[in-house]
Amino acid sequence: MATEQESGDTVRERTRTGPYISFIRWMESLTETQFAYFLLTPALLLLLVIAVYPLIQTFGYSLYADQLTGTARLGQFVGIENYVALFSGARDFALPSAFLPGLSSSFPFVTGIYSSALMVTLVFTAFSVLFETIIGFAQALILDQDFRGRRWVRVAIIIPWAVPIVIQGMIWFLMFQPNIGFLIGTQENPAILNTLGLSFTPLRNTSDSLFLIIVADVWKTTAFMALLILAGLQSIDRSLYDVARVAGASKWQQFKMITFPLILPTVLVAMLFRTIAAMRVYGIIETMAGCTTVPSLSCLVVTTFNNSMYGTSATVAFVTAGLIGIVVSVYIVKFADAEGGF
Amino acid sequence: ISGTGGDQTETEAGGSQTPINTEAPSEDVTVQWAADTRVNNNREAIFQSLREAGLPDNITVEVIAGSQVTNNRQNQYQQWLSSGREQPTLLMMDSGWTIPFIARNQLQNLSQTLPDSMTSRVEENYFEASVGTAKGANGDLYGIPLFPDFPTMQYRKDLLRNAGYGDSDFETWATESMSWVEFSKITKEAMNANPDTQYGYTFQASVYEGLSCCDFNEFMTSYGGAFFGNPAENLFGPVGDRPVTVDEQPVLDSIKMVRTLINGEDDEHALDGITGNIAPEAVLQWTEEPSRKPFTGGDAIMHRNWPYSININGAEDVFGEDLGVMPIPYGVTAEEAQYPMTGGPVAALGGWHVTLNPNASQLQKRAALQVMKAMMTEQFKLDIFEIIGWIPPEPDLLDSDRAAEVPVIGRYLSQLKVAGENAIPRPVTVVWPQQSSKIATEVNAAYAREKSPEQAMSDLKNTLEQIEQSA
Amino acid sequence: MATQDQGGVFEEGGDAEIRKGPLERWVSTVIKNPKRAYRAMFYVATLFFLVTTLFPFYWLLVLALTPNRLIRDMGLLPKGFNPEVFITMFERVPFHLFMFNSFVLGIATTVIVLLLASLAGYVFGRLRFPGRTALMLGILAISYFPPAAFFLPLFELFTGGTDIVLGPITVSSPDLFNTPAPMVFPFSALFMPLSIFILTTFYGQIPDGLEDAARVEGTTRLGALFRVIIPLSAPGVATAGVLTFISVYNEFFFSFLMNNGEASSWAPIVAGILKYQGQFDTPYNLMAAASIVGVLPVAILVIIAQERIVSGLTAGALKE
Amino acid sequence: MGEVTLEDVTKRYEDVTAVDNMNLEINDGEFVCLVGPSGCGKSTTMEMIAGLTMPTEGEVFIGGREVTNLPPKDRGVAMVFQNIALFPHMDVYDNISFGLRLRKYDKEEIDRRVERASDIVQLEGMLDRMPDEMSGGQRQRVAIARAIVRNPDVFLMDEPLANLDAKLRVHMRTELQRLHKELDTTIIYVTHDQAEAMTMSDRIAVIDSGQLQQIDPPLTCYNEPANLFVAGFIGSPAMNFADGKLTEMGFVGDRIEVDFDPETISASVGDDVTLGIRPEDVYTLDDASSLANPTKQVEVITDVLEPMGDEIFVYLLLSEDATVSLDEEARGAMSDQLLMSVDPDSDIAEDKEVSVVLDRTKVHLFDTETGEALLHGLTATAAASTDSSTPAESDD
Amino acid sequence: MGEVTLEDVTKRYEDVTAVDNMNLEINDGEFVCLVGPSGCGKSTTMEMIAGLTMPTEGEVFIGGREVTNLPPKDRGVAMVFQNIALFPHMDVYDNISFGLRLRKYDKEEIDRRVERASDIVQLEGMLDRMPDEMSGGQRQRVAIARAIVRNPDVFLMDEPLANLDAKLRVHMRTELQRLHKELDTTIIYVTHDQAEAMTMSDRIAVIDSGQLQQIDPPLTCYNEPANLFVAGFIGSPAMNFADGKLTEMGFVGDRIEVDFDPETISASVGDDVTLGIRPEDVYTLDDASSLANPTKQVEVITDVLEPMGDEIFVYLLLSEDATVSLDEEARGAMSDQLLMSVDPDSDIAEDKEVSVVLDRTKVHLFDTETGEALLHGLTATAAASTDSSTPAESDD
Ligand SMILES: Nc1ncnc2c1ncn2[C@@H]1O[C@H](COP(=O)(O)OP(=O)(O)OP(=O)(O)O)[C@@H](O)[C@H]1O
Ligand SMILES: Nc1ncnc2c1ncn2[C@@H]1O[C@H](COP(=O)(O)OP(=O)(O)OP(=O)(O)O)[C@@H](O)[C@H]1O
Ligand SMILES: [Mg+2]
Ligand SMILES: [Mg+2]
C-alpha cells in the first residue's frame, strides 16, 4: 500500500517534534499506575479543593460548641461532645425533631418512629428507592423499544426530573391543599384518597406527608433511574439477543439472563446514588410539608445551619454521612462482584 | 489556609462604634439596598420619593431584589454579614429576626453612631412594639422600622347582615374588639344564616413560623398567656434566665378555645362558652394564602390575616365596602390578664426594618445615613404607603388625611391603629428559631387532638426550658 | 445483525393492521397470537406512565392558565383561560435572564464534569492500579455529605475570606461572589462522583479489542478514549451529561447563597422562580407558568442529547 | 422433523438484496453445506431459517410447518454464529449450558451434557474461564459447544471452524459428523473450507449474489458443476478456463483445441463457449502415459512453480507474451494461463517450454454467455458422450 | 527497519502461561507465519509485539530498538485482529482511514489510499456501510484494509483470512504477497490454513503450548520437522506415525519394518522410536513402480475411502482387529492405522486386503520419548542418509 510514500508511519511519527509531541510521548511512557494517577489528577485536585478541604474544615466545626451570640461563628472546643449529645438524645431539643427514635419499655419498644429524623429518612429512602428502581426499570424497558413517537414518550418520562424542586413541591402541595387541590376533599365531601385513609390535612401529619413526599419524589426521580437504565440497555450488544433467541429464551428469560445481568452494574450505580441522594432528602420536604412535620437528617443539618448552630450542623452532617456510608457499604459488600468496580 | 473562620469580623464590628459623619458625601455614591422584589418593581417611584424626601442627587440607590421568602433572606444575610462583606450597605430585615443579628454584633449600632436626633425620633414616634424588635439587649437601636404589619380580623358585612347585624355593630367592632365567646357565637349565627357559605372562620395553624409567632401568639396572649412570663420584661430575654410559662391556664384555655372552634363543643378539651364547629379542620394545614382563598372566594365569613389581604378582599371587584375589618378578638381583657401587654385585642407583630451593614466603608455609611434620613421623613412613609401599601411605622401618620385617602386600606386605618397599639412581638432571641419550630409542632398537635393541651404544653415547656438553658 | 427485528413487542407486522381492524377481530387475533397481547400490554403500560408523569404537568398548566385569584377548589380544568400569564411572568421577573444564567452554569458544569469524569471513569473502568478501590470509595464518600457541610468554608474561599499560603507570600482568595465560579466549581465537585461512577461502568464495558485496535492504529491511550471509548459509550456519556445539567438546573443551596439573587449576579432559575413569591401571597399561576417555560429548554436538551448525540455516535449496538 | 424448506425467499436491505428468490429443500437428517463468496447471503439465509431475520418475501418451513413468523425459540434450531457472540458475563460453563438452563434441565443432566460437549470441543478444564480470557479458537469452540449441547431438529452452523487449526478442525469435523449420525439431525453448515464442504456434506448448496446456483452432492458439484460460477468456485485451486468457439471440429480456442461432435450438445456451432479443466487433469507428456484419453498436445511455457509439500502447482503460459504470472486474479481464471498440479517428485523446472495434454474425460464445456454447463467429460472417440454420468463414476 | 526480535519473552496470566520463554528473530522484510494449535499463544505473541500486552518477562525489539515499554503507536506496526475489532460507530471509510486521519494525512492522500485498499480487498462501493450492515467476510476485509492503508514497518495479521471463501482467499494471498514485495515490510502472520502458511511465508514458526518448536522455511518444516509435534502438525492430512523400537536392523514396529544402519543416528539400539510417513508417501504396489526406493511391503486392509475431488484418502488398517475407523483422533495419528492418499482414478475399493510400500526417501524417525527428530529420509541402501538436505530439494 501507498508505495509512493517512502517513509513509513514510524518515520513520520518520529520526525514530529515540539512540546506537545514530547508531552504526549512522556504521557505514553508512563506505567499503568502512573498513567492512572496522572489522569486522575485534575478530578482529584478539584475534589480536594472544593470537597475535601471544606469537609476537613467542617469536621473541625463539629468539634466546637454552637455560638449564638457574638461575632464568632463557633463556641469553645468541646471535642466529641456534640456527637455524644446527638446520639444520647441530649441535643434533640435543639433540633426540629429527635435524631434517634426513643426507646420505650412497651411494645413496639420504639417510640416516635415518625418523629425521629433517622427513621423518617430510612423509611423515605427504602420506599422511594424501591419504587423508583422498579418503575424506572419498567420505563427504561419501554423506552428501549422501537416505536413511533418514542422520542416524545422519552421526553415525557424524563421531564419530571427537570422540574425544579420548588415547583415540584408546589405542584404536590397544591394538589393536597384543602380548598385548592382536587386530590383532597373535606369531611363532607371526601376524595378517593381520603376514603383510602389519607387524612384531610395530610401535609401536617408526618405519616401522610411522608407518603405523599415519597410519591412526589418517585414521580420526579424515577426519570433518573429510567435514564440511566436506558443508557445501560442501549449499550448491550444486540447480537447476544440473537443467540439467546435461537437458544430458545423467552422474552422473560432474555431479560433475566442477559439484559438484567448486563445492566446490573448500571442499575447498581443508579440505586447507589439514589440511595445516597434519598438519605439526604431535603428540598421536597421543605417545599411540601416542612422540616418540622417531616424531619429528615438533612432537615436537621439545614435547620441547625440556618439557626447558626454551626457546630451541631456539622456534627449532624458528619453523622449523616456516616450513616449513608453504612448503608452504602451494604451495597458494596453485597454487590461487589456484580459491580466489578469495587 | 485560615482556621475555622468567622472571628475576623470581631474587630471590624468594633469599628462600627465610630459615629458616622452626618454630612452628605460630595462624591457620587451608589448605595446597595438589599430589599425585595416589590421594592424593586416599584423602584422608580420609590427613588422619586426618596429624592423628594431630600436624598442628595449624588447618592443613588441600587436595589437588590431579595426573595420575599423571609427565611431565604435571613440565610443570605447571615452569610453576607458573618463573612464581613461590605455590600450591601442597607438591609431590609424582618422584625422577626433582626434581634439575632444584633446579638451577633452583625449590625451597625445606630444609637452610638447616628445623631441622637434621629434615634430619639424613632424611639418616641414609632410603634413601640416595632421599635422593640430593633433593639439590642443593651437598649441600643440597631434598625429603623420601615413598616409594621398587624393582622386583623376581616369579615363579610353582607353575610353578617343576614344574621341580623348592622352597620352600628360594625362600627363598634372596628375599634372595640369583641371576645372570642362573642365572636364564635356571631360566626355561628352567620353560618346558620348563610347555609351556602362553607366556612365560618379561617385562619392559619399549619406547622410553621406563622403559627408560633402569630396565630398561636395572638390566641394565647389574648387569653392573658405568655411564652416567658411577663412580656414586658422577658420577651427578648434574658435567655435562660426567664420562666417558661406555656403550661399556664390561659395558654391552655386558648388551645381549648381553638379546639372548640374546629371540633365543636363536644371535644373532650372544649372551652366552655365557646361556640364550636366554626373553623374547618383544614386550618391545621393552612398558611396565609390557602386560608385566604376561601374567604376571598366567598366561602368564609371570618378571616384572620395581614393587611396585604385587606387590599385584596376590599377591592371593588371582591367585596368592596362589604369587607369589614376589626381587631382580633380577645379572650380576657387586658385588665383581667395576668401579664402586662397581654389580654385584649392583641395582634402579632410583623414588619420590616432597615439596618446598616457595619462592614460598609465610611463613605458608604455616610451615604446610607442620608438614605435612612430620607426614609424617616413623613413624606416618604406616606408615599410608600401609597406605592406598596407599607403601613407607616408611626401611629400618628395613620390618622393623617393622606393616609386615609389611600384606596381600600385607607378605610381601615383606625382598626390598624388599634392593632398596632396592641401588637405583641414574637419573643425573638437567638434561640427563637429553635423554639419556634417546637412551639408550632406542639401547638398544632394539640389543635389536631393528637395530644391533650396539658400534655402538649408540658412537653413544650420541657423543651423550651432545655433550649433556654442551652444558650 | 438482525437488529431491526429487535423491536421487542413489535417483532412482526406493523401496527397499521391494528387500526384498520375492528375490535372484535383484534381480540380474536390476540387469542390466537399472544404477541398482540404483549403489544396491548405495552401500550397500556406506556399510556399509564405517560399519564402519571404528565399529569402533574397538566396540573401545572391548569394552574398557569387559571388567574391566581381563582385558584381554589380546583378541578381538572382551568378556571378561566388566561394565557397572558406567559407574558406577565416575563414582565414581573426577567425570567429569561435567569434561564440564561442557569444554562451557562449548567453547560459550564457539565463540560467540566464530563471532561474530568471521563478521565477518571477511564482510569477506574479500564486500568488496574494500586489504590483504585480506596480512591473510588473516597470519591463516593464525598456524595454522602449534605451540601451544607461544604458551604461555610467554600463561601469564605469564594468571597475572599480564606488566606492561601504560597510559600513566603500569603494572599487572600479572590472575591468571586456574584460570579459563576462559586457555583460552577462546587457543582462540578459535588455532581462529579455520580458521573465518575456512571462513566466507569460504561467505559469498563467496552471490549478491550476496540481500544487495542485504536492504539495500534496510532492513537495514544487518551486518543483511544476520546475517539473510540467515549463515542461507543455515548448513551452513558449523554446520560451523565443530562443528569449533571439537570442537577445544576435543580440545585438550590449554592445557587441561592453564592450570589445576591440578581439575574445580573448569575443567579439561576431557582432564584427567578422564588422572586415571584410574595411574603404571604404566592402567585401560583405565575410560578406555574415560569416552571413550564423553565422546563421547556430541558425538554429540548433531552431530545437533543438522547436522539442526536446517542444515535449519532453509536450507530450500531456494540460489537467486537 | 427436520426438513427445511425455503420457498421463494427474498431478503432485501435498504440497498442490497442479500438473498434473492431462494428455493431450497433440505431433507430431514441431511447435512448441507452452504458455500459461496463472501457477502453472497449465506449468513442471511441461516438467519432467516433461525428466525432472526424476517424474509422480505417468501416462506420458510421447518419440519413441514410454516415458521416464517414464528420466533426462533419455537423453531427447534440451534445455531453457531459467525461472530461467535459469547455472553461476556457468563463463564464457559454458563455459556454452554445456557440453552439447557432455559429449558430447566436438571443440574445433573446439564453437567453431563456440558461435560460431553466440552469434551468434544476439547475445552475440558476451561469451564470456569470467562470469554475474555480465552483465545479466538477457544471462544469459537465454546460457541460450538453451546449449540451442540442441545437437541434441536436443525443445527445451523455459520463457519464454526474458521478459527481452528487444521488438526482441531479435522477432529471437530469428525465429531460433527458423528453427532450428525447419532442424532440424525439436519445440519446446515456454512464454510469456505472446500475440504470441509466436500467431506462432510451430503449436498453442497452453492450460492452467488443471493441466488442458489446448484445444490448437489459434493462430487457432483465438483465433477458436474451446473455453470461457470460453480465450476470456478468449487475446487482449489480453481478450474482453468479457456475461451473459444464451438466449431464443427469441436472446441477451438487460442491454443487449445478439443475435438468432438458439436451436435451432441445443446449449443450451435459458432457460439462462444468456455472450456474448463481442473489443474489435476492437466498432464505433462511424461505423465500422460497413464492417460487413456488425452487431448491434443498444447505447447506452453512453465512459469512459476509453487511447491505445496504434497504437490507442486505449475503455472503455464499459453502465449509467449503473457509474462505477468502472479497478477491479480491470475490463477486458473485466465485464458492465457493454465495451472497444473504435478507430483512433488516431478522434475519440472521454471521457464521451460513443455507440452501438456488434458484428460478428455475431465473436460468441461460451458456456454460463455449464460455460463451454463454444456457437457462434462468426453469419451475416447471424438463423438461426445451423451450420458451425463461423471467420468469418475464411469471409471469405477 | 522492521526486524522483530523477542528475547526470552514470557507472558503469564493468572493460571496460564500463554507464552513461555519465547526467543524469536525475524528479519527485516521477512514474511513469517505463526502456526500452532488453538490457544498455543499466537495471538498473545502478536499482541506483545504490537505493545498491547506487556510481557511478564523478557524484551521485545523492533528495528533494533528496544520497544518493550513503548506504546503501540510508536512501534510502527499495523495489525489485523483475530476478532476483527471494527469500530462499530464508524462506517467503512472511517474505519479504514482511521490511522491516516490520526496522522493528519491530507484528505486527498487519504482518499487515494482508502480507495486503493478497498480495491484490494474488493470492497469498492461499500465505503459508507456501517460494520453491522456487512457480512462476516466483508468485515474481515475492512479490517485488512484498515491495516494495509498504512505504511508500517511491521504488519501483524492474526488470521486475517479466516472468514473468506477460497477464491477471495487466494486473491488476498496474492495481494498480500505483492504488498510484501512492494513495501518490503516485515509481515508476521497467524494462520491455520496450511496452504497459506506454505505458500506465503519465508519461514514458518511452529508454536506449541507457548513454546517455539521450530522456525524454518515451509518446506524444511514439512520435510524435516524438528520434532514429533511439528511433524504431526504441519501437513494435512497429518503424517502417519508408527511406534517401534530401534534394532540392529533399523526400525521395527508392529507391522512396519524399515531397515537401515542404526549407527547413523543419534539414538541407541533398543530405544523407543517413532516412524513417520506422510499419506502421499504411501503407495499401493501398483503405483510403486515409479518409486526408486520403496520399503518392504506392508500388508493392510483398506477401510474408508474419502474422495476429495483431486485425490482420495484411503484409511488403511494395520491389524485386522482394528475396526473402528472414523473414531476420535483417528486419522493419521494412530499407529494401528495408516492414511494413504491416491489418485482419484485409482481403482481402489473399501475393505480389501492390499499391500503398500513407503517411500524410503520420505521416512522420518523420531525419538518417542523426547519427540526429537532422528532422521529425515533414507537413501536407497540401508545406510541412512547423513546429510539433512530434503529429498525434495535433492530431486531438483
Ligand atoms: N486475558 C486472559 N486471561 C487468562 N488467560 C488468557 C487470557 N488471554 C489469553 N489467555 C490464554 O492464553 C493462551 C494463549 O492465548 P492466545 O490468544 O495467544 O492463543 P492463540 O494461539 O491465539 O489461539 P487461537 O488460535 O485459538 O486464537 C490460551 O490458553 C488462552 O486461554
Ligand atoms: N443489516 C444489513 N444492512 C444492509 N446490508 C446487509 C445487512 N446485513 C447483511 N447485509 C448485506 O447482505 C449481503 C449478504 O450478507 P451475509 O451476511 O448473508 O453474507 P455471507 O454470505 O454470510 O458472507 P460471509 O461469508 O462474508 O459471511 C452482504 O452483501 C451484506 O453486506
Ligand atoms: Mg456470513
Ligand atoms: Mg488467537
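Letters go in sequence order (proteins before strands), and every chain restarts at 1. Any value given below was found using the heavy atoms of this structure, including those in side chains, with hydrogens, waters and symmetry copies removed.
For the set A:Trp152, A:Tyr37, A:Phe59, A:Phe38, the count of heavy-atom pairs under 4.5 angstrom toward chain C peaks at A:Tyr37. Among C:Phe185, C:Tyr122, C:Phe202, the residue with the largest count of heavy-atom pairs under 4.5 Å with chain A is C:Phe202. Taking chain C as the reference chain and counting heavy-atom pairs below 4.5 Å, the highest number among A:Ile171, A:Leu141, A:Val52 is found for A:Ile171. Contacts with chain A were tallied for C:Val298, C:Ile269, C:Leu222; C:Leu222 has the most, counting heavy-atom pairs under 4.5 Å.
In this structure, chain A has heavy atoms under 4.5 Å from both the backbone and the side chain of C:Ser188. Heavy atoms of A:Val316 lying under 4.5 Å from chain C are absent altogether. For A:Leu174, the parts lying near chain C are the backbone and the side chain together; criterion is any non-hydrogen pair under 4.5 Å. Only the side chain of A:Tyr310 comes within contact range of chain C, with heavy atoms under 4.5 Å apart. Contact of C:Ala290 with chain A is not made at all, since no heavy-atom distance falls under 4.5 Å. Proximity to chain A is absent for every atom of C:Ile300, based on heavy atoms less than 4.5 angstrom apart. Heavy atoms of C:Ile273 lying under 4.5 Å from chain A belong exclusively to its side chain. Heavy-atom distances place the side chain of C:Phe55, and not its backbone, under 4.5 Å from chain A. Residue C:Ala299 touches chain A through both its backbone and its side chain, counting heavy-atom pairs closer than 4.5 Å. Of the atoms belonging to C:Val270, it is side-chain heavy atoms, and not backbone ones, that fall under 4.5 Å from chain A. For a residue to count as touching a neighbouring chain, one of its non-hydrogen atoms must lie under 4.5 Å from one of that chain's; by this rule C:Leu127 touches chain A with backbone and side chain alike. With a 4.5 Å cut-off on non-hydrogen atoms, C:Met192 touches chain A through its side chain but not through its backbone. For a residue to count as touching a neighbouring chain, one of its non-hydrogen atoms must lie under 4.5 Å from one of that chain's; by this rule C:Leu60 touches chain A with the side chain only. With a threshold of 4.5 angstrom between heavy atoms, C:Leu135 approaches chain A through side-chain atoms but not through N, CA, C or O.
Here the shortest heavy-atom pairing between C:Ser143 and A:Ile276 reads O-CG2, 3.0 Å. Considering every non-hydrogen atom in both A:Met175 and C:Pro56, the closest pair reads CE-CA, 4.1 Å.
Under the 4.5 Å side-chain criterion, counting only non-hydrogen atoms from C-beta, C:Leu194 is in contact with A:Phe224. Side-chain contact between A:Ile50 and C:Phe150 is absent, with no heavy-atom pair separated by less than 4.5 Å. Two residues are said to be in side-chain contact when any heavy atoms from C-beta on lie closer than 4.5 Å; C:Leu140 and A:Phe273 meet this criterion. Side chains of C:Leu116 and A:Leu46 form a contact here, defined as non-hydrogen atoms less than 4.5 Å apart.
Taking the six-membered ring for Trp and thresholds of 30 and 60 degrees, C:Phe57 and A:Trp219 have ring planes inclined between 30 and 60 degrees apart.
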Task: Trace of the ring pair (Phe, Tyr, Trp, His ring centres under 6.0 Å) decision for A:Phe318 with C:Phe145 - done: CA-CA 7 Å; A:Phe318 269 82; C:Phe145 290 87; 4.8 Å; yes
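Cation-pi geometry between C:Arg221 and A:Phe35 is met: under 6.0 angstrom from the ring centre, within 45 degrees of the axis.
Taking the salt bridge (charged side-chain N to carboxylate O under 4.0 Å, His left out) definition, one finds that A:Arg274 meets it with A:Glu132, A:Asp217, sequence neighbours left out. Residues satisfying the salt bridge (charged side-chain N to carboxylate O under 4.0 Å, His left out) test with C:Arg126, not counting sequence neighbours, are C:Asp208, C:Glu211.
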